[in-house]
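A quick write-up on the structure given underneath.
In listed order, ligands and their atoms are each counted from 1. Computed from a prediction, not measured in an experiment: that's the story for all the values here.
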Amino acid sequence: MSPKAPITQDVLTIPRKLPEGKINLVGLTRDQLRDVLIENGTPEKQAKMRTGQIWQWIYQWGVRDFAEMTNLAKAYRAQLAETFVIEIPEVVTRQVSEDGTRKYLCRIAGGHEVEVVYIPEEDRGTLCISSQVGCTLTCSFCHTGTQKLVRNLTAAEIVGQVMMARDDLEEWPVPGAPKDETRLLSNIVLMGMGEPLYNFENVRDAMKIAMDPEGISLSRRRITLSTSGVVPEIARTAEEIGCLLAISFHATTNETRDVLVPINKRWNIEELLQALASYPKVSNSERITFEYVMLDGVNDSDEDAHRLIDHIKRHNIPAKINLIPFNEWPGAPYKRSSNNRIRAFANIIYQAGYASPIRKTRGEDIMAACGQLKSATERARKSRKQIEAEAGVQN
Ligand code: SAH
Ligand code: SF4
């Protein structure tokens with residue numbers, strides 16, 4: 001580890017007890033749910049069964065009110081309601097793009113806000129969720145990177161984003177109705193605000209809940225975690241989550257990657273590639289997605305494309321390269337590569353035998369595209385500052 005760029009892992013958690021003294025059951029693992037039920041008066045002998053029942057009501061049926069848990073005795077339901085709540089982030093605004101993309105601004109404890117994006121496609125619907133408010137990292141092309149880390153999201157707030165979207169899409173099954181095979185929300189990508197591997201435990205617990213077969217029950221192959229390259233946590237992700245992995249690669253030399261993805265100063269390209277090489281085997285997944293943002297004149301040359309292939313081949317990594325046309329945001333220091341350049345770059349990769357899809361930009365009209373997320377309050381604050389600066393106001 002190089003001492004050059006100390007990057008701390010801020011683990012800021014908020015207590016599970018809510019202000020009014022009630023405990024939120026969302027986001028607890030099955031074991032934690034069982035423990036908390038026992039601690040609050042459920043007889044130990046019944047705890048396993050009650051855990052299973054309550055779990056199903058919350059995650060399979062989307063129920064938020066204990067009174068609706070009809071397979072529990074009335075007195076027990078009342079007892080639960082006195083001690084617990086089933087709480088998820090509150091939707092503050094919802095914007096729908098011309099292309100059907102939905103962007104939600106959600107309020108979480110402490111008055112903070114996170115953005116969640118739903119992207120409908122022909123054969124799937126992907127929910128892009130956030131893992132932190134802001135980010136400790138400062139990737140120079142990313143809008144979220146200009147916002148300081150406020151705090152890590154709890155497991156409840158992470159899986160709560162999925163539950164919130166299912167509410168909005170009206171996708172909770174109705175008791176007795178046949179199971180819907182074609183889900184509106186079929187995939188999750190951890191590609192919203194924040195670095196998921198700097199909030200490992202909460203992300204893991206939330207994704208475990210999303211995968212649980214007696215609940216939301218999404219396959220681990222339909223969940224993709226994107227990281228900027230927190231090398232020590234990559235092996236843990238394979239072992240403890242087992243979802244698909246995407247890596248924000250973005251540059252083929254350390255010199256350029258140090259600038260674009262500054263965590264590279266701590267774990268460089270070589271160290272990163274080594275960690276990636278063992279991921280597919282350990283997690284039993286097919287291939288890793290290399291994300292590569294196309295920045296005009298910065299990382300988009302033919303030489304870059306060849307170097308990228310070289311890195312992947314040298315380490316024998318099963319890979320797909322996802323080219324992302326840069327999404328501009330106010331004050332961004334880069335420009336998007338031309339379509340011709342992106343196509344030429346994609347072609348070199350394709351000729352080398354790797355899939356090289358160019359990511360379609362979605363929801364641009366509502367600032368919902370990759371790297372454009374930033375909470376509205378933060379945007380408002382920034383623009384006030386800018387206005388003051390322009391007017392020459394001194395603080
Ligand atoms: N922190 C994680 C996940 C969130 S970012 C990570 O960095 O991987 C999700 C993806 O969007 C990353 O690949 C990121 O590099 C990319 N991205 C960020 N800003 C972007 C922008 N302005 N245009 C296009 N892609 C961007
Ligand atoms: Fe953080 Fe990812 Fe943006 Fe980098 S690209 S600043 S890691 S959210």
Side-chain angles (χ1 to χ4, degrees), residues 5 7-10 114-117 119 126-153 158 161 188-200 203 207 223-231 233-234 237 243-251 256-267 272 275-276 288-296 298-300 320-337 342 357-364 367-375 378:
I7 296 164
T8 52
Q9 180 174 346
D10 296 58
V114 284
E115 287 175 332
V116 184
V117 179
I119 307 146
T126 304
L127 191 71
C128 179
I129 61 174
S130 295
S131 56
Q132 299 182 310
V133 185
C135 188
T136 37
L137 302 172
T138 51
C139 302
S140 53
F141 56 90
C142 174
H143 204 195
T144 307
T146 64
Q147 186 185 350
K148 271 203 246 149
L149 177 76
V150 178
R151 73 165 167 82
N152 279 342
L153 298 190
I158 298 169
Q161 295 171 55
I188 296 177
V189 293
L190 279 145
M191 294 188 187
M193 296 164 73
E195 168 49 60
L197 296 190
Y198 273 163
N199 187 13
F200 188 88
V203 166
M207 291 306 102
I223 299 178
T224 304
L225 184 150
S226 174
T227 179
S228 58
V230 186
V231 165
E233 305 289 357
I234 288 178
T237 306
C243 59
L244 302 184
L245 188 72
I247 178 78
S248 291
F249 208 69
H250 305 319
T256 307
R257 198 163 189 273
D258 280 353
V259 176
L260 297 182
V261 190
I263 198 175
N264 195 67
K265 293 189 216 156
R266 180 119 178 221
W267 294 290
L272 176 58
L276 295 177
I288 291 180
T289 301
F290 281 67
E291 297 168 282
Y292 200 93
V293 65
M294 297 299 290
L295 304 172
D296 184 33
V298 176
N299 64 354
D300 63 351
K320 141 175 142 188
I321 292 90
N322 205 336
L323 301 177
I324 316 174
F326 174 59
N327 294 312
E328 295 186 11
W329 36 272
Y334 302 106
K335 279 219 194 78
R336 179 186 291 190
S337 308
I342 299 176
I358 300 168
R359 191 178 287 175
K360 221 171 129 211
T361 297
R362 300 289 303 260
E364 224 177 358
M367 285 280 285
C370 307
Q372 292 185 319
L373 301 185
K374 194 170 183 183
S375 67
E378 183 65 20

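Around atom 1 (Fe) of ligand 2, the protein atoms of type N, O or S that sit closer than 2.8 Å are Cys135 SG.
Against a heavy-atom cut-off of under 4.0 Å, His250 is close to the following atoms of ligand 1: 13 (O), 14 (C), 15 (O). In the vicinity of Thr227, heavy-atom distances shorter than 4.0 Å reach the ligand 1 atoms 6 (C), 8 (O). Shown in contact with Phe326 at under 4.0 Å from a heavy atom are these atoms of ligand 1, numbered in order with element: 21 (C), 22 (N), 23 (N). Heavy-atom contacts of Ile324 reach the following atoms of ligand 1: 24 (C), 25 (N) (cutoff under 4.0 Å). Near Cys142, meaning under 4.0 Å from one of its heavy atoms, ligand 1 places the atoms 18 (C), 19 (N). For ligand 1, the atoms sitting less than 4.0 Å from at least one non-hydrogen atom of Trp329 are 22 (N), numbered in the order shown with element in parentheses.
For Val293, every heavy-atom contact with ligand 1 shorter than 4.0 Å involves the side chain, none the backbone. Contact annotation for His143 and ligand 1: no heavy atom of the residue comes within less than 4.0 Å of the ligand. By the criterion of a heavy-atom distance under 4.0 Å, the side chain of Glu291, and not its backbone, is placed next to ligand 1. Residue-level proximity to ligand 1 for Leu137 is absent, since no heavy atom of it falls below 4.0 angstrom. Contacts between Phe141 and ligand 1, counted as non-hydrogen atom pairs separated by less than 4.0 Å, involve both the backbone and the side chain.
Residues Glu195 and Thr227 have side chains that bring a donor and an acceptor to within less than 3.5 angstrom of each other. Glu291 and Ser226 form a side-chain donor-acceptor contact under 3.5 Å, judged by distance and modelled atom types alone.
Here the CG atom belonging to Leu225 is positioned 9.0 Å from the CD1 atom belonging to Ile129, to the nearest 0.5 angstrom. To the nearest 0.5 Å, atoms CG (Leu137) and CD1 (Ile263) are separated by 5.0 Å. Put simply, CG on Leu244 and OG1 on Thr224 are 4.5 Å apart, with the number rounded to the nearest 0.5 Å.
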With side-chain contact (heavy atoms from CB on, under 4.5 Å) as the criterion, how do Phe249 and Val261 come out once you've worked through the C-alpha distance, each side chain's angles and the decisive distance to 0.1 Å? CA-CA 8 Å; Phe249 208 69; Val261 190; over 6 Å; no

Mind running side-chain contact (heavy atoms from CB on, under 4.5 Å) on Val298 and Lys335 for me, showing each step along the way? CA-CA 9 Å; Val298 176; Lys335 279 219 194 78; over 6 Å; no

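The shortest N or O to N or O distance between Gly194 and ligand 1 is under 3.5 Å.
Nearest residue to atom 4 (C) of ligand 1 from Cys135, Gly192, Ser228 is Gly192 (criterion: closest heavy atom).
Partners of Ala332 according to the side chain to side chain contact (heavy atoms under 4.5 Å, CB included) rule, which considers only residues two or more places apart in sequence or in another chain, are Phe326, Trp329.
For the pair Glu328 and ligand 1, no heavy-atom separation below 4.0 Å is found. For Tyr334, the closest heavy-atom approach to ligand 1 does not fall below 4.0 Å. Using a 4.0 Å cutoff on heavy atoms, Ala332 does not count as a contact of ligand 1.
Under the 3.5 Å distance criterion, the side-chain polar atoms of Ser130 are matched with a main-chain donor or acceptor of Met193.
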